[in-house]
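Below is one structure, written out as structure tokens, with a few remarks after it.
One is the number of the first residue; the rest follow in order along the sequence. In each ligand, atom 1 is the first atom listed, and ligand 1 is the first ligand listed.
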Amino acid sequence: MKKIKVGLMGLGTVGGGVWDVLRMNRDEIIRNCGYEIKIEKILVKEGFKPKVSGVSKDKLTHNFDDIVENDEIEIVIELIGGIEPAREYILRAIKAGKHVVTANKALLAQHGVELSKAAYEAGVRLSYEASVAGGVPIINPLKESLGANKIKKIMGILNGTTNYILTKMTNENVDFHTVLKEAQDMGYAEADPTADVEGFDAAHKLTILSTLAFGTPVKFKDVHREGITKINPLDIEYARELGYVIKLLGIAKEIDGELELRVHPTFIPKNHPLAAVNDSFNAVFVKGNAVGDLMFYGRGAGDLPTASAVISDVMDIIKKRSLKPNLKNGFSYEPTKKAKPMGEIVNEYYIRFMVKDIPGVLGKIATLFGEYNVSLSSVIQKGRSERGVPLVFITHEARESDIQKALQEVNSIDEVIEIGNIIRVENGQERGEQ
Ligand code: HSE
């Protein structure tokens with residue numbers, strides 16, 4: 001049997017998964033790519049003890065030179081995460097003429113163009129299926145199966161931890177901090193949950209997807225980002241009452257040649273396909289101008305699902321490595337589309353206030369909104385407490401900058417105790433969408 005030798009960096013959860021899947025599915029892998037994939041060397045930290053079985057000691061090294069200087073190794077898999085030394089090691093592997101597979105979304109979102117240029121110049125491939133939505137195939141479909149489409153919109157549940165938390169909050173009527181603590185105790189959420197709950201992880205993934213989908217180098221800093229920490233059980237209750245579900249969505253749209261790029265909690269209609277994506281599952285909804293609507297759904301993390309994506313990249317490289325020209329690995333180098341400033345986006349909004357229960361307050365707020373061209377489509381006011389009454393609006397489409405200005409003024413009305421939350425609403429059809 002012909003063998004391809006691979007160097008692996010990292011033998012943690014995903015690295016261990018790659019080791020196990022290569023053994024578990026050896027026959028299928030050979031059948032589908034014509035080669036046996038052999039892990040020749042594994043880079044681990046000093047003192048590291050493998051959790052997977054069957055790894056002989058002589059495969060382990062603490063020195064990257066043992067991988068990059070080994071001429072028999074044709075493909076390097078990077079699973080150590082973080083920016084450095086992952087970036088340096090990948091560049092060295094590329095310069096040594098090795099193809100690279102990585103699952104590193106933070107690195108690709110911030111240095112993807114640099115890595116792609118290096119690979120392009122060296123004539124090697126840089127593959128990253130596992131970087132977005134774990135085991136769900138989305139990178140290669142965008143590059144290949146959907147390559148004959150103009151992509152108009154992507155909406156994704158790109159982070160499993162936050163989807164798990166929001167699902168629990170919705171089903172069990174508990175607050176954010178209680179669910180987060182429980183998820184941490186069970187090992188579902190990281191001890192430092194910032195990257196997940198503040199939306200950084202989803203924004204990294206959206207940067208990668210939009211770069212690929214829209215054919216322009218999208219910058220991570222151009223993705224507007226809000227996390228889920230401010231979602232209150234009251235918001236979930238009102239969403240339900242109004243026929244919506246709250247999800248942390250990554251949204252990327254091309255409208256009139258400009259890009260909207262944002263990650264934030266979103267009201268979506270309860271009958272939208274993404275509303276049914278629960279627990280730690282991921283899903284990506286894509287609209288192509290030829291194919292129409294598509295949805296990709298599955299496990300966005302975990303050892304075996306992510307390994308499935310990593311190994312698919314290795315197999316793809318094996319099959320195509322002799323093909324030229326190298327097509328920049330899905331990246332583009334010259335900007336062709338501008339990111340729209342957040343103030344210019346047009347959306348519907350859910351706005352929850354706490355106000356004093358005095359006649360005329362509702363009228364005052366509605367009048368102020370009207371002065372900024374914000375018209376209201378639904379109003380709910382119910383319940384009473386000594387603190388005041390919650391007052392909830394859904395607006396018609398309005399510009400974000402008008403909403404923000406109106407809210408500043410509303411906040412200065414004496415009877416308004418606080419602005420509880422503002423959440424954007426996605427109802428389906430877009431302006432300018434064909
Ligand atoms: N922490 C991520 C999530 C998985 O919760 O989805 C890795 O990207």
Exercise answer: donor-acceptor pairs, residues 17-35 side-chain atoms, under 3.5 Å, sequence neighbours excluded:
| residue | atom | partner | partner atom | Å |
| --- | --- | --- | --- | --- |
| Trp19 | NE1 | Ser53 | O | 2.9 |
| Arg26 | NH2 | Glu36 | OE1 | 3.1 |
| Asn32 | ND2 | Glu28 | O | 3.1 |

Greater than 12 external heavy atoms within 6.0 Å of Lys143's NZ: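 Yes, NZ of Lys143 has more than 12 neighbouring heavy atoms, counting only those of other groups under 6.0 Å.
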
Spatial distance of atom CD1 (Ile151) from atom CG (Leu209) [nearest 0.5 Å]: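 Here the interatomic distance stands at 10.5 Å.
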
Neighbouring residues of ligand 1, heavy-atom cut-off under 4.0 Å: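 Within 4.0 Å of ligand 1, the protein residues are Lys105, Asn159, Gly160, Thr161, Asp196, Asp201, Lys205, Ala301.
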
Could you pull out every donor-acceptor pair under 3.5 Å between side chains of residues 302-311 and any protein atom, sequence neighbours left out?
| residue | atom | partner | partner atom | Å |
| --- | --- | --- | --- | --- |
| Thr306 | OG1 | Gly302 | O | 2.7 |

Carboxylate-amine/guanidinium proximity below 4.0 Å for Arg399 and Glu344: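 Glu344 and Arg399: not salt-bridged.
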
Pairing residues for Lys205 by the salt bridge (Lys or Arg N to Asp or Glu O under 4.0 Å) criterion, not counting sequence neighbours: Asp201

